[in-house]
Structures are given as structure tokens and as C-alpha cells.
Amino acid sequence: MVNITISLAADVVAYKLITLGPALLPGAPLIFPLTYIIGDIVAEVYGYIAAKKIIWITLICELFFALSIKLIIHLPSPHFWQYQLAYNAVIDPILRFVLAGILAVVSSSFINIYIISKWKILMKGRHFWLRSLGSSAIGGFILVLVTILFGFTGHIHWSKLTYMVLSVYSVEVFYSLLGVWPASIITGFLKLEEQLDVYDTKTNFNPFK
């Protein structure tokens, strides 16, 4: 539920542009990287299969959310209601962003949990913080590249797009550095509480199976 809530919140603020010092970025990257932390924790404790299910359920919910909004805002309105143009400008592009996001997540979040699961076997379960940082850095770069290119091409000049990719990726890396220590604590707690520590030695890593 937390993962879905974060993703839907990110969808709503996807086209809100923000300047933080020299950085130019949309609102989503300020929220969405938290899903990588959740994915790392779930993959580490419960295994790749559990993390994969959470990703697919979240994507289905996002698609339903976007389609519902797209349909409802284009239903007929009474003549005295004056906010249709505002809804069209702010909310109508959400389906495009969600579709771009689905493509990005399929190509990045699965890579993220795949890497952390494989490295867990390679490192015999040690150095979660290092594996989390590495997998998030690789998966996050793919996510940023795909989402920005598909979500904003045609709306923003190429020079601004390039600058936005660099800005957003910097925020992603910062989030990873900030979140890895709480994630390590939560992971350690869950392993003790659940008496569980899954190693995906015989797992089929096909995300579509």
C-alpha cells in the first residue's frame, strides 16, 4: 500500500516543474525514489518474487488510476463550471506520464531488484548498503532516462531535457545515499522479526513469468 501510494502521488505531481538551486526537475523524483528503497528491502528479505509482485500490482493500479482520471475529466461539465481548462492543463497528461512510467519501471525496477538479488548471492548476504546503492544507481539512471524522454519530449526543449535528466539523476543518487542507512536498519529488523532471509539461488528472474 505504501508503494502504491508513493507511485500515485508521484504521478499527480509529474508535470509540476521545480527549481532547487541550480537543479531543474519535475515533482515525481522527490517522491518516487522511495519505491526503490522499498524494492530493495522486500527483495533482500522476502526475495525477488515478492518484490516482482509488488511492482506489477503497483503498475496495474497506476494504469487504472490514470485511465479513470482521463475518462472523468473529459465527461461533460455544466456551463457555469469554469475549471475545465485547468484540469486539462494539469491532469490530462497524466496517462502519458504513467505509460512512460510503466515502460521505465519495467526496464529499471526489475533491473534494480534483479541486481540486488544476484549480488546478495555473490556477496553471501553481506554489504546490503553497497548492493542497494549500486542497484539503485543503475536502475535509477534507466528510469530517469526513459521517463524524462518519453514523458517530456515535445513539451520542453532538448537542452532543458538534458539538464533535467542530470538534475533528476542527482536527486536520485542523493535519495539513495540518504535512504540506504534506514533501509539497512529496517532490513535487519525484518530478518530477525520474520526469521526470514531469502536467497534467490533457483529463481526464474523473467519479470513476465
Side-chain angles (χ1 to χ4, degrees), residues 1-44 51-70 87 89-113 116 132-133 135-152 155-156 160-161 163-187:
M1 289 187 292
V2 173
N3 200 72
I4 292 170
T5 302
I6 292 168
S7 297
L8 297 184
D11 292 336
V12 172
V13 296
Y15 286 96
K16 159 63 178 174
L17 293 183
I18 298 168
T19 53
L20 291 175
L24 171 66
L25 61 155
L30 296 179
I31 308 170
F32 189 78
L34 295 172
T35 62
Y36 273 84
I37 296 172
I38 293 173
D40 288 349
I41 292 170
V42 173
E44 177 71 11
K52 180 172 72 171
K53 287 179 180 178
I54 288 177
I55 292 172
W56 279 120
I57 290 169
T58 300
L59 292 179
I60 291 168
C61 290
E62 280 189 272
L63 185 59
F64 175 76
F65 179 75
L67 288 171
S68 300
I69 288 177
K70 185 83 171 179
Y87 269 86
V90 177
I91 302 295
D92 190 52
I94 194 170
L95 180 59
R96 175 181 175 176
F97 182 82
V98 167
L99 291 175
I102 289 173
L103 178 62
V105 167
V106 167
S107 59
S108 66
S109 290
F110 286 115
I111 289 174
N112 178 58
I113 61 174
I116 200 166
S132 179
L133 285 175
S135 61
S136 296
I138 296 169
F141 180 74
I142 297 170
L143 176 82
V144 169
L145 201 61
V146 174
T147 305
I148 297 298
L149 290 180
F150 281 86
F152 289 90
H155 292 287
I156 299 177
K160 293 292 184 184
L161 278 178
Y163 187 68
M164 188 182 292
V165 167
L166 296 175
S167 298
V168 172
Y169 187 62
S170 299
V171 171
E172 296 263 356
V173 172
F174 175 74
Y175 259 92
S176 296
L177 291 169
L178 201 63
V180 71
W181 306 116
S184 298
I185 294 169
I186 293 170
T187 298

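All heavy atoms count here, side chains included; hydrogens, waters and symmetry mates do not. All of these numbers come straight from a predicted model, not from anything done at the bench.
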If every non-hydrogen atom of Cys61 is compared with every non-hydrogen atom of Leu8, which pair is closest and at what distance? O-CD2, 4.3 Å
Applying ring-ring contact (aromatic ring centres under 6.0 Å, His included) to Tyr175 and not counting sequence neighbours gives none
First locate atom OG of Ser136, then atom CD1 of Ile111, and finally report the distance between them rounded to the nearest 0.5 Å. 12.5 Å
For Lys53, which residues count as a salt bridge (Lys or Arg N to Asp or Glu O under 4.0 Å) partner, sequence neighbours excluded? none
Is it the case that the side chain of Tyr36 and the backbone of Gly139 share a donor-acceptor pair, with hydrogens and angles ignored and the cut-off at 3.5 Å? yes
Contact summary for Ile113 and Gly39, nearest pair of heavy atoms: CG2-O, 3.8 Å
Test ring-ring contact (aromatic ring centres under 6.0 Å, His included) applied to Tyr87 - qualifying residues, sequence neighbours left out: Trp81
Would you give me the side-chain donor-acceptor pairs under 3.5 Å for residues 178-187, sequence neighbours excluded?
residue: Ser184; atom: OG; partner: Val180; partner atom: O; Å: 2.8
residue: Thr187; atom: OG1; partner: Ala183; partner atom: O; Å: 2.7

Going by atom type alone, with no hydrogens or angles, which donor-acceptor pairs under 3.5 Å involve a side-chain atom of residues 91-105 and a protein atom two or more places apart or on another chain?
residue: Asp92; atom: OD1; partner: Lys70; partner atom: NZ; Å: 3.0
residue: Asp92; atom: OD1; partner: His74; partner atom: NE2; Å: 2.6
residue: Asp92; atom: OD2; partner: Lys70; partner atom: NZ; Å: 3.4
residue: Arg96; atom: NE; partner: Phe150; partner atom: O; Å: 3.1
residue: Arg96; atom: NH1; partner: His155; partner atom: NE2; Å: 2.9
residue: Arg96; atom: NH2; partner: Phe150; partner atom: O; Å: 3.3
residue: Arg96; atom: NH2; partner: Thr153; partner atom: O; Å: 2.6

For Phe65, give me all partners under ring-ring contact (aromatic ring centres under 6.0 Å, His included), at least two apart in sequence or on another chain. none
Tell me, please, which residues at least two apart from Ser167 pass side chain to side chain donor-acceptor pair (under 3.5 Å). none
Checking Leu177 now: which residues fulfil side-chain contact (heavy atoms from CB on, under 4.5 Å) with it, not counting sequence neighbours? Leu133, Val173
Enumerate the residue pairs fulfilling side-chain hydrogen bond (donor to acceptor under 3.5 Å, both in side chains) with a member in residues 2-18, sequence neighbours excluded, ordered by first and then second residue. Asn3-Thr58
Would you check if Leu143 and Asn112 make a side-chain contact, meaning some heavy-atom pair closer than 4.5 Å? no
Which atom pairs, donor and acceptor, lie under 3.5 Å between side-chain atoms of residues 20-35 and protein residues at least two apart or in another chain?
residue: Thr35; atom: OG1; partner: Phe32; partner atom: O; Å: 2.7

Got a second to check how far Ser108's OG is from Ile142's CD1, nearest 0.5 Å? 6.5 Å
Check whether any side-chain heavy atom of Phe141 sits under 4.5 Å from a side-chain heavy atom of Val144, and report yes or no. no
